[in-house]
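Right, one structure below, let's go through it.
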Amino acid sequence: MARHLITSALPYINGIKHLGNMVGSMLPADVYSRYLRQRGHDVLYICATDEHGTPAELAAKEQGLPVDEFCAQAHDAQKAVYDGFELAFDYFGRSSSPENRDITQHFARRLNENGFIEERAIRQVYSPADGRFLPDRYVEGTCPHCGYDKARGDQCENCTRVLDPTDLINPRSAISGSTDLEVRETKHLFLLQSKLQSEVSEWVARHEHEWPQLASSIARKWLTEGLHDRAITRDLDWGVPVPADTWPELAAEGKVFYVWFDAPIEYLGATKEWSDQDPENRDWKSWWYDVDDEVRYTQFMAKDNVPFHTVMFPATELGVREPWKKVDYVKAFNWLTYYGGKFSTSQKRGVFTDHALEILPADYWRYFLIANAPESDDSSFTWEHFTATVNKDLADTLGNFVNRVLSFSKKRFGEEVPAGAEPGEAEAKLGGEIAGLLAEYETQMEALQFRKAAAALRALWSAGNSYLEEKAPWLEIKTNPEGAALTLRTAMNLIHLYSVVSEPFIPASARAMREAFALTDDTATWVTAEEATSLESVPAGTPFTVPPVLFAKLTDEDLETYKERFGGAPE
């Protein structure tokens, strides 16, 4: 079996993330990781909080906390939410770790030795009111390309164009709001990406045919426009320090590396954090160093992160001239919007992940988000769509099937799986249908087509309902009790099958279904085609219990309550 390394874009430290952040990186990575583990693969899923840079300093200042203390608290708060969503990271690290500092400094030294870093004097924005040079994110203004008036000095989040602070129209300090800005000379380190253009182009050409069009088109656009040398240091108090043994003058000035230089390196850093917890049994380099043919590396991210992971970080890895693992497959996502507009903390519009868990269990959100993942284009969250999906797919199709089967069987045949007659034509037909649907589900999961995988899973659930309606055991029992027992036993085998194959999407509900049966040797991690065809994994005589309702239907009153709290369609 192949070894699979999986990473998702690092969530930034300044605040709890909204549903769009969840579905654009961490959740699909978790679903895929769970699926691969069930299929017997050796999987390592790594993520971390991205803790350096301007927003972390500003957020800490707002709360009156030292930045390191703020980041520690924010990391724990984010991790609690991800635990609530049952994101099964193998390790969730921190980019401020000593491990990331050491590896980042190593990369910088190697790039310098290989002629890909240059010290340059540049003119940079200085704020007399703040008494300091302003890193790019400390400068805000109007984007010259799209007119967005809250663009940052490094990138416009509206049109995703990369910027320099001096590009902005009507710039102002993000610290004080002062528009009294000057441009002064200072020194910084530049990564000479222009010298790596051809190598990055060749590397992308070898891989882009396999990537989704969204990822390959963004990478190709950047390469077509040409790679520019980029400053990789900033004037900040918080970050990976420039090593004094290589750049003593800049180190003495307190320069730190740009967050977009050290953040992708944290994938390696977090893996070393994981390894350092159990060094006798874990070797972080066995996942990252000289393993091209041994490890399959998949990254998950929203489209604004694609340029950094398909062009900028590969350029860094290539320039180091060491055999570090580079990504094989980039699963990129478009935006999830809220009624067609942006999620906004300040305007209290949209659902943030901590609030989502306050009102409904994680499986409601996990299923809806993956079933409506913004893969081919942007998708819009609306409470109407969410309510309809939960009620139709989760409550009516899956939850009702489980409850009907187990409750009726307990009432008529007691607390053990009934034996009943031998399987007949209807069961053979069902087994073939289930095997085919399971194969489709596997195909879409292997292809990382999450909406199609969700549709195949939903079809598996629907097949059970169709079988139940066709056999109608509530009528069958009046004239053919053995036939009704067969129908219920077959349906219980379906419930067990659902508990196994639904686990990547709805892990808590999958556990509840599986634990309904007292199977002492239930160690199956997946369902084979033969098992799906025969539907005999739960033998007659097995004790079972009726679990609590898996999914409660959402009412019109619930819908109005949610819209009032979180906002509805914009006027």
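Counting from 1, the numbers follow the sequence of the chain as shown. Values below: all heavy atoms of this structure, side chains included; hydrogens, waters and symmetry mates excluded.
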| task | If a pair satisfies side chain to side chain donor-acceptor pair (under 3.5 Å) and one of its residues is in residues 44-59, list it, with sequence neighbours excluded. | result | S8-Y45, T49-E51, T49-H75, E51-R94, E51-S96, H52-D262, E57-Y138
| message | Using the ring pair (Phe, Tyr, Trp, His ring centres under 6.0 Å) criterion, which residues pair with W335? Sequence neighbours excluded. | response | none
| request: With K563 as the cation and F566 as the aromatic partner, state whether NZ or CZ is under 6.0 Å from the six-membered ring centre and within 45° of the axis. | output: no
Salt bridge (charged side-chain N to carboxylate O under 4.0 Å, His left out) partners for [X], two or more places apart:
X: K410; value: E415
X: D304; value: none
X: E470; value: none
X: E557; value: none

Please table the atom pairs, donor to acceptor, closer than 3.5 Å between any side-chain atom in residues 449-459 and protein atoms at least two apart or in another chain.
residue: R451; atom: NH1; partner: A373; partner atom: O; Å: 3.2
residue: R458; atom: NH1; partner: Y367; partner atom: OH; Å: 2.9
residue: R458; atom: NH1; partner: D393; partner atom: OD2; Å: 3.3

| task | Could you list the residues that satisfy side chain to side chain donor-acceptor pair (under 3.5 Å) with W238, not counting sequence neighbours? | result | none
| task | State which residues pass side chain to side chain donor-acceptor pair (under 3.5 Å) with Q213; sequence neighbours excluded, sorted by chain then number. | result | none
| task | Show your working on side chain to side chain donor-acceptor pair (under 3.5 Å) between D363 and S509 and close with a plain yes or no. | result | CA-CA 7 Å; D363 281 359; S509 305; 2.7 Å; yes
| request: Please collect all salt bridge (Lys or Arg N to Asp or Glu O under 4.0 Å) contacts where either partner lies in residues 490-511, sequence neighbours excluded, each pair once. | output: R34-E503, E86-R511
| query | Tell me the salt bridge (Lys or Arg N to Asp or Glu O under 4.0 Å) pairs involving residues 12-29, sequence neighbours left out? | reply | none
| said: Tell me which pairs pass ring pair (Phe, Tyr, Trp, His ring centres under 6.0 Å) where either residue lies in residues 396-418, with sequence neighbours left out. | reply: F401-Y498
